[in-house]
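Report on the structure given below.
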Amino acid sequence: MSNDNMNSFFVTTAISYVNGKPHLGHAYEAIACDVLARYKRLSGVNTFFLTGTDEHGEKNERSANKEGLSPQEFTKINSDHFEDMTNYLNISNDYFIRTSSESHHIASKALWNKLVENNEIYIDKYEGWYSIVDETFINEDEIIDGPNKTKLGPSGDKLEWLEEPSYFFKLSKWTNKLLEFYKENPDFIKPKSRRNEVINFVKQGLNDLSISRQRLKWGIKVPNDNKHVMYVWLDALTNYLTAINYPDISDKKFKCFWPADFHVIGKDIVRFHAVYWPAFLMSAGLEPPKTIFCHGFLNINGSKMSKSLGNVLSPKDLVEKYGLDQLRYFLLREVPFGQDGNFSHTQITQRINNDLANDYGNLSQRVLSFINKNCSSQIPEYFELNELDQKYINKFKSLNKSCDKLIFDNLEFHNVLIEIWSCISSANQYIDEQAPWKLKNNNNKRMETILYLLACSIKYLTIMLQPFMPSSCSLILDQLAVENNNRSFNELNNFLSLKPGTQLPKPTGIFPRFTD
RNA sequence: GGCGGGGUAGCUCAGCUGGUUAGAGCACGGGAAUCAUAAUCCCGGUGUCGGGGGUUCGAGUCCCUCCCCCGCUACCA
């Protein structure tokens with residue numbers, strides 16, 4: 001690992017296959033990665049956050065035909081929907097990659113050539129059941145037994161056994177090296193349950209992998225053999241390298257950000273990232289990424305999201321209905337990252353009203369409003385701190401560090417939020433116990449001290465919450481008159497960092513209750 | 001079938017290498033307060049810890065067995 005790589009952070013989402021519009025699952029992954037990236041940036045780390053679209057393949061080719069469009073036109077339209085999503089979700093990606101882009105073709109071909117050079121690729125035959133109607137090989141689990149030992153495809157047509165020349169990657173020879181790699185790198189696949197699955201799978205022994213197709217047109221041409229197009233994963237996975245200027249491995253960006261810190265992916269594509277990808281990379285003489293983190297799926301009202309059930313939720317609609325930061329908060333608070341979870345109107349409404357409106361929003365509003373009315377709209381002075389005050393402040397001391405650990409060890413976003421909320425709860429207790437409203441007329445110094453500590457608490461908590469709810473937190477920090485360059489995690493080292501006498505604007509509520 | 005994970009309060013779950021009356025949040029009930037977005041704070045649980053058997057001074061926590069749920073078991077992304 002180079003020195004450049006030490007204080008840098010590279011996180012990626014999976015690239016989305018653009019055969020349709022984004023759904024809640026895409027949003028979920030993008031938001032989680034966005035929180036990671038923002039968190040690292042606020043910690044002062046040089047961060048590169050990548051997302052994008054996967055555009056090649058027969059599905060898109062066919063969908064394009066069906067709509068009378070070229071694959072280029074079709075994928076551009078859909079890719080734009082995904083890029084648009086990064087905007088309305090306030091995703092802070094540094095780059096949006098498209099696999100149909102020229103730079104990606106160059107990178108993929110370079111990787112292919114490297115594998116050829118290292119004798120990892122050979123030509124042989126790919127054989128399987130082929131559907132003429134669908135113009136594609138059919139997976140075993142999709143094949144239906146027809147009459148007289150015939151095989152039928154998903155469209156009900158008769159399948160043919162077909163052979164065609166194909167290039168293969170020598171995956172089999174990597175079996176033991178992969179097992180060793182997993183053993184030496186316990187953090188490579190997370191959560192642990194996925195790691196076990198992968199190891200279990202690899203232990204069975206690996207077959208070589210078909211990595212080209214002849215009858216496919218929409219894709220990256222195999223170098224020196226124009227009849228072939230690269231098949232799926234070699235193309236798709238390479239996007240992580242393209243974005244940091246591969247094949248120029250002496251490039252500053254590449255040296256700085258490779259190996260990637262986190263590839264965050266859905267549990268459905270674990271194998272490709274945890275088996276094929278490190279094998280490809282090691283074959284090319286490159287380091288594998290540090291961690292493949294697999295998140296779960298979101299159910300809707302308890303049932304799987306699916307087109308046939310008609311319950312596919314559009315992130316855009318959800319943002320319009322509930323608010324962006326509300327949605328972001330809900331997704332990361334409600335379900336432990338890595339496990340499956342559920343989305344329902346009742347659940348998100350409860351989170352919005354209980355956590356955001358009542359606990360956090362109301363805390364901020366009651367404190368700021370009290371200051372506005374009783375301290376001439378200025379950050380109050382603080383005087384003597386008693387034992388209770390110290391005890392209260394101490395609750396915040398270790399918050400940032402324990403959150404660091406929770407996030408970067410296992411992406412425990414929900415536990416980070418639980419920790420932060422425990423402090424919000426302490427603040428609500430503190431204000432009730434201290435009851436500054438009773439001190440208005442007889443002990444102004446004490447009242448100001450209490451309010452000062454509370455204002456500092458809100459600043460602290462809001463700085464911590466920025467990665468999760470960037471816009472709302474920005475508004476609250478505005479209300480505390482915190483300068484833009486005083487909003488990083490650096491500020492958390494000094495709890496009493498607000499400057500007494502600072503003029504404050506009139507506060508307004510940031511998290512309204514949700515009512516139907 | 002094989003491998004792995006799980007079955008704890010109405011709901012979602014926490015309970016590390018076995019040890020005082022089994023916990024949290026939400027929901028529900030009562031009270032206090034009135035600075036605040038009718039928000040907040042305090043108090044309130046008779047749960048066969050999936051069933052049965054065993055080890056132990058002592059088991060949700062270990063062993064055996066049975067029942068149920070989920071994931072993985074190769075080329076759609």
Side-chain angles (χ1 to χ4, degrees), chain A residues 14-20 53-60 126 128 134 136-142 154 166 168-169 171-172 191-211 213 231-236 266-272 275-276 294 296-297 333-336 339-342 346-347 350-374 414-415 418 421-422 424-425 427-440 447 450-451 454 507-515:
Chain A
I15 46 175
S16 308
Y17 200 67
V18 289
N19 203 24
T53 47
D54 181 14
E55 308 187 8
H56 297 310
E58 37 203 344
K59 268 195 187 169
N60 282 340
Y126 181 83
D134 293 332
T136 179
F137 285 96
I138 305 297
N139 283 333
E140 228 168 90
D141 55 0
E142 284 183 310
S166 166
F168 281 78
F169 170 72
L171 183 64
S172 57
K192 229 178 184 166
S193 52
R194 297 292 164 200
R195 173 183 151 82
N196 292 337
E197 280 176 17
V198 169
I199 290 176
N200 200 265
F201 169 76
V202 175
K203 269 187 182 160
Q204 298 169 30
L206 299 168
N207 298 330
D208 288 348
L209 194 68
S210 165
I211 51 167
R213 283 297 129 90
Y231 190 57
V232 189
W233 289 104
L234 194 72
D235 165 357
K267 60 181 185 178
D268 51 339
I269 52 176
V270 174
R271 172 171 317 144
F272 313 109
V275 182
Y276 301 175
C294 318
F297 286 163
R333 172 60 186 82
E334 187 74 5
V335 348
Q339 294 178 29
D340 286 354
N342 191 52
T346 315
Q347 282 167 291
Q350 281 188 354
R351 286 289 172 203
I352 289 171
N353 290 344
N354 295 337
D355 299 1
L356 296 178
N358 298 354
D359 292 344
Y360 177 46
N362 183 54
L363 169 69
S364 149
Q365 182 63 11
R366 71 198 297 207
V367 169
L368 288 169
S369 167
F370 199 98
I371 290 174
N372 185 258
K373 287 175 190 157
N374 301 289
H414 74 297
N415 278 330
I418 286 171
W421 250 259
S422 153
I424 289 173
S425 175
N428 273 320
Q429 284 168 30
Y430 181 77
I431 191 172
D432 261 60
E433 281 162 11
Q434 301 299 323
W437 45 91
K438 284 183 184 161
L439 305 170
K440 257 193 273 195
M447 180 194 81
I450 293 161
L451 291 169
L454 285 162
T508 53
I510 300 300
F511 293 110
R513 293 177 62 80
F514 184 91
T515 46

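Throughout, protein chains are lettered first and strands after them, A, B, ... in sequence-line order, and every chain is numbered starting at 1. All figures in this text were calculated on a predicted structure; none of them were measured in a lab.
- The distance between the ring centers of A:F169 and A:Y276 does not fall below 6.0 angstrom.
- Under the Watson-Crick or G-U wobble criterion, with both distances below 3.5 Å, B:A24 is paired with B:U12.
- Toward the 5' end of RNA chain B, the nearer of the two residues A:R513 and A:S369, judged by each one's closest nucleotide, is A:S369.
- The side chain of A:R366 lies closest to B:C35, out of B:A74, B:C35, B:A77.
- Across the strands present, B:G58 finds no partner; the criterion is a Watson-Crick or G-U wobble pair with both atom distances under 3.5 angstrom.
- Among the nucleotides B:C72, B:A39, B:C75, the one closest to the side chain of A:S210 is B:C75.
- A distance of about 40 Å separates the P atoms of B:C28 and B:G18, rounded to the whole Å.
- For A:N428, counting side-chain heavy atoms from C-beta on, the closest listed nucleotide (B:A77, B:C75, B:C41) is B:C41.
- Between A:R213 and A:Y126 the shortest side-chain heavy-atom distance falls below 4.5 Å.
- Within 4.0 Å (heavy atoms only), A:Q350 reaches sugar-phosphate atoms of the nucleic acid but no base atom.
- Nucleic acid contact for A:I211: none, since no nucleic acid atom lies under 4.0 Å from a heavy atom of the residue.
- Comparing B:C11 with B:A27, their P atoms are spaced 16 Å from each other, to the whole Å.
- Comparing B:A39, B:C75, B:A77 by their closest approach to the side chain of A:D54 singles out B:A77.
- One P atom belongs to B:U46, the other to B:A9, and the distance between them is 14 Å to the nearest Å.
- Of the candidate nucleotides B:U73, B:A39, B:U40, B:U40 has the atom nearest to the side chain of A:D359.
- A:N60 and A:E55 share no side-chain donor-acceptor pair at under 3.5 Å.
- With a cut-off of 3.5 Å on both Watson-Crick or G-U wobble distances, the partner of B:A77 is given as none.
- Residue ring and base: A:W437 counts as stacked with B:C35 (centre distance below 5.5 Å, interplanar angle below 30°).
- The side chain of A:N358 lies closest to B:A39 when the candidates are B:C75, B:U34, B:A39.
- For A:V232, the listed nucleotide lying nearest its side chain is B:A77; candidates were B:U37, B:A74, B:A77.
- Closest to the A:R194 side chain, of the nucleotides B:C42, B:C72, B:A77, is B:C72.
- Note that the SG atom of A:C294 and the CZ atom of A:R195 stand 12.0 Å from one another [nearest 0.5 Å].
- Electrostatic pairing of A:R366 and A:D432 counts as a salt bridge here, judged by a charged N lying under 4.0 Å from a carboxylate O.
- Nucleotide B:G71 is matched to B:C3 when pairs are restricted to Watson-Crick or G-U wobble geometry with both distances under 3.5 angstrom.
- No option in A:L454, A:L363, A:V367 other than A:L363 meets the side chain to side chain contact (heavy atoms under 4.5 Å, CB included) test with A:N428.
- The side chain of A:F370 has B:C35 as its nearest neighbour among B:C41, B:C35, B:A36.
- The residue among A:N207 and A:Y231 whose nearest nucleotide of RNA chain B lies closer to the 5′ end is A:N207.
- Here B:C35 is the nucleotide among B:C35, B:G4, B:C75 with the atom lying nearest to any side-chain atom of A:D432.
- Distance check on atom P: B:G52 versus B:G15 gives 25 Å, rounded to whole Å.
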